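Not measured: the values here are computed from a predicted model.
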Amino acid sequence: MLCLPALILGAILRISLIAALPEGYYGPDSNSYFDTTSSLWLNGKWDLGPKRRWVYPLLLLPTPALPGRTVVAIAVIQHAVGLLTVLGIGWIVLHLTRRPGIWVPLVTTIAAVWPRMVWYEQEVVAESLLLASIILAIALAFPVERLKEPRRLFWFLLAATLIIAVKPHGRPIWLGLMISAVLLAGFPWRWSKACWAVLAASLVIIFTTGSSKQGPWLLLSSTLPLVNPEQGKWPEYRKILRPYIEEARVDLSQYPWKQDRYKKMLVESKEPLMLGPEWQALLAPKDKKKFLQVCHDLAQDAILHAPFTYARMVLQKIGFVLSDMEAGSGMSPRVFWKGQLADNEERWTRHPDIMQLLYRTDYDGYLALAAERGKRTFWLEPYVYRCASTFAWMRTVRDVQARRRTLHPAWFGVLALFGFLTCLRPARWRETAPLWLSLGLFLGIIFGIGDSVVRYLQPVEWIGIIFVALGLDWVLQWIWRGPAPARDATTLPSPPAPTSAPIAPPAS
């Protein structure tokens with residue numbers, strides 16, 4: 001019942017959005033997920049492909065058999081799953097706050113209408129499934145006393161395995177949850193054989209599925225200003241990069257906003273080539289391993305020689321994505337179909353059969369559909385923008401004359417930071433470990449390697465909302481000294497058994 005307001009408001013928002021935009025957004029990354037489905041339905045061939053983990057592509061397989069357009073079916077299912085995730089968030093808040101009657105409705109309602117979460121339910125990518133699997137795994141850790149039970153631990157580990165089976169960048173979350181399991185359930189040698197089997201399966205998935213080898217290249221783009229152009233291994237490539245290293249060093253505080261340009265430069269294969277033919281030769285398929293090794297060595301050397309500067313740059317990138325307030329911009333029908341037409345233009349030329357499988361119409365019908373849909377109105381659009389602006393974690397202030405941007409904390413971000421700090425108290429750090437460990441490792445590793453991609457914030461942003469509630473709950477505990485409302489007996493630890501018989505009264 002505590003989640004009922006969130007379910008109602010979340011359903012209203014999603015129904016309104018689906019009424020304006022029935023079709024899911026088929027973006028730049030959607031092809032790699034839908035390839036398995038299109039290959040099976042159009043050519044009768046089974047091909048999971050090397051790039052993506054297999055869970056989301058497999059779940060897309062039956063969608064062409066559902067009534068209506070395939071992109072509509074995918075969007076509706078993802079919105080339904082996204083709405084149900086608020087139940088998991090409510091369960092976590094129930095077990096971490098002293099007054100859940102206040103905080104469960106508030107936290108779940110904010111999460112249910114959070115623009116970034118709703119948008120990625122609309123797009124044909126695995127983000128919404130990754131979010132649901134993360135919430136499921138963390139929810140299974142509560143109440144933390146029960147994680148010592150073999151059956152509960154088994155399901156917790158299984159849900160954590162699902163995270164890494166959905167997307168590779170769920171690995172930091174998985175690592176945080178494994179550390180939390182040790183803290184809450186004891187060392188692994190005490191776990192059951194079934195738990196060990198799940199743990200082994202997780203390691204197999206991590207080391208054998210997916211073939212993305214972007215890590216070294218992305219890490220080099222993140223450390224480019226710190227690379228020493230004068231000395232070190234691979235001097236010929238340091239010399240090539242030197243003008244851009246010096247350019248990036250001019251103002252390190254602005255690098256998060258410029259990194260995308262340098263990232264693309266490192267793998268540019270079309271004219272004009274910024275790095276010249278010698279670097280271009282590295283990108284040839286036969287030299288791919290050498291390219292990755294060069295990127296790895298240059299980036300590693302940069303981090304070792306300036307670790308504190310590197311850490312500051314990572315924090316700046318995290319601040320940059322936390323200041324994004326455009327999460328709901330794609331929900332405007334006009335903006336949605338302008339982007340969709342641009343993304344699909346080449347696809348209709350090269351793969352019209354796949355487009356027809358998605359939209360169940362020919363090209364002329366698709367253009368007519370886009371024209372009609374683009375004129376629709378999403379009536380809750382102003383409120384989505386207001387929500388994104390009001391509940392921003394940080395804000396970016398632009399100085400147009402100096403061409404500089406500075407980051408400033410917003411009120412919601414300050415409350416989240418305060419709540420995070422209260423989680424580190426001696427009485428709370430172990431119980432809240434599944435939250436802060438997962439969040440910290442995810443942000444540090446993902447943005448330590450990659451650039452400022454706002455999409456990467458989506459799987460863990462809801463944890464910040466819980467932190468706000470935990471901080472305010474702790475303050476309320478000191479202001480409101482009355483007894484907290486009793487919770488269900490199953491959520492509380494059993495009272496300790498007496499250690500000895502009652503002491504008899506002295507003889508008179």
Side-chain angles (χ1 to χ4, degrees), residues 29 32-37 39-40 45-62 81 125-141 147-219 288-289 292-293 296 433-434 437-442 444-446 448-450 456 459-460:
D29 293 332
S32 57
Y33 291 112
F34 197 70
D35 279 347
T36 302
T37 301
S39 177
L40 183 64
K45 295 181 180 179
W46 177 262
D47 181 15
L48 277 175
K51 185 176 181 181
R52 300 292 182 186
R53 297 285 167 90
W54 43 269
V55 173
Y56 188 66
L58 288 180
L59 291 177
L60 292 178
L61 283 176
V81 172
V125 287
E127 263 63 22
S128 62
L129 180 60
L130 176 65
L131 172 65
S133 62
I134 291 171
I135 293 175
L136 173 63
I138 295 180
L140 285 171
L147 203 60
K148 294 181 180 180
E149 301 173 5
R151 178 171 295 183
R152 174 60 71 90
L153 180 60
F154 169 80
W155 288 111
F156 170 79
L157 295 174
L158 192 63
T161 303
L162 177 62
I163 295 173
I164 54 175
V166 173
K167 292 203 73 172
H169 72 253
R171 286 175 291 185
I173 300 286
W174 178 85
L175 179 60
L177 294 179
M178 292 304 102
I179 298 174
S180 300
V182 173
L183 293 173
L184 298 171
F187 290 104
W189 52 78
R190 299 177 181 175
W191 298 356
S192 67
K193 293 181 179 178
C195 293
W196 271 98
V198 176
L199 184 61
S202 298
L203 296 175
V204 170
I205 293 172
I206 289 174
F207 292 111
T208 62
T209 60
S211 64
S212 176
K213 296 182 179 179
Q214 298 179 344
W217 154 56
L218 291 173
L219 185 59
K288 188 68 174 180
K289 289 184 178 180
L292 295 174
Q293 189 63 49
H296 174 271
L437 263 176
S438 300
L439 178 66
L441 287 172
F442 182 86
I445 294 175
I446 294 300
I449 296 174
Y456 295 154
V460 294

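- The closest donor-acceptor contact from the side chain of Arg171 to the backbone of Ile164 lies at 3.5 Å or more, if one exists at all.
- Checked by atom type and distance alone, the side chain of Ser39 never pairs as donor or acceptor with a backbone atom of Thr36 at under 3.5 Å.
- When all heavy atoms of Leu177 and Ala160 are compared, the closest pair comes out as CD1-CB, 4.1 Å.
- Closest heavy-atom contact between Ala181 and Leu147: CA-CD2, 4.4 Å.
- Looking at heavy atoms from C-beta onward, Leu153 lies out of side-chain contact with Ser192 at the 4.5 angstrom threshold.
- Contact record, Pro150 with Cys195: O-SG, 3.9 Å, taken as the closest heavy-atom pair.
- With rounding to the nearest 0.5 Å, the separation of CH2 in Trp191 from CG in Leu199 is 6.0 Å.
- Proximity of Ser133 to Val55: side-chain heavy atoms (C-beta onward) are nowhere separated by under 4.5 Å.
- When all heavy atoms are compared, the tightest approach of Ile173 to Ile163 is CG2-CD1, 3.9 Å.
- Between Pro57 and Asp35 the shortest side-chain heavy-atom distance does not fall below 4.5 Å.
- For the pair Ile449 and Gly215, the tightest heavy-atom approach, listed with the atom from each and the gap, is CG2-O, 3.7 Å.
- Ser438 contributes atom OG, which lies 4.5 Å from atom CD1 of Ile138 (distance to the nearest 0.5 angstrom).
- The distance from atom CG of Leu130 to atom CG of Leu162, rounded to the nearest 0.5 Å, is 9.0 Å.
- Between the side chain of Thr208 and the backbone N or O of Val204 there is at least one donor-acceptor pair closer than 3.5 Å.
- Counting only distance, with no hydrogens or angles, the side chain of Trp196 and the backbone of Pro188 share a donor-acceptor pair below 3.5 Å.
- Annotation: the span from Ile179 atom CD1 to Leu183 atom CG amounts to 7.5 Å, rounded to 0.5 Å.
- Residues Phe442 and Pro459 come closest through the heavy atom pair CZ-CG, 4.3 Å.
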Exercise for the section: Give the intermediate values and the outcome of side-chain contact (heavy atoms from CB on, under 4.5 Å) for residues Thr161 and Ile205. Expected result: CA-CA 8 Å; Thr161 303; Ile205 293 172; 3.6 Å; yes
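- Aromatic ring orientation, Tyr56 versus Tyr33: perpendicular (interplanar angle above 60°, classes split at 30° and 60°).
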Exercise for the section: Please step through side-chain contact (heavy atoms from CB on, under 4.5 Å) for the pair Met178 and Leu157, ending with a clear verdict. Expected result: CA-CA 8 Å; Met178 292 304 102; Leu157 295 174; 3.5 Å; yes
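- Of the possible polar contacts, one joining the Arg152 side chain to the Leu140 backbone as a donor-acceptor pair under 3.5 Å is found.
- Proximity of Gln293 to Pro216: side-chain heavy atoms (C-beta onward) are nowhere separated by under 4.5 Å.
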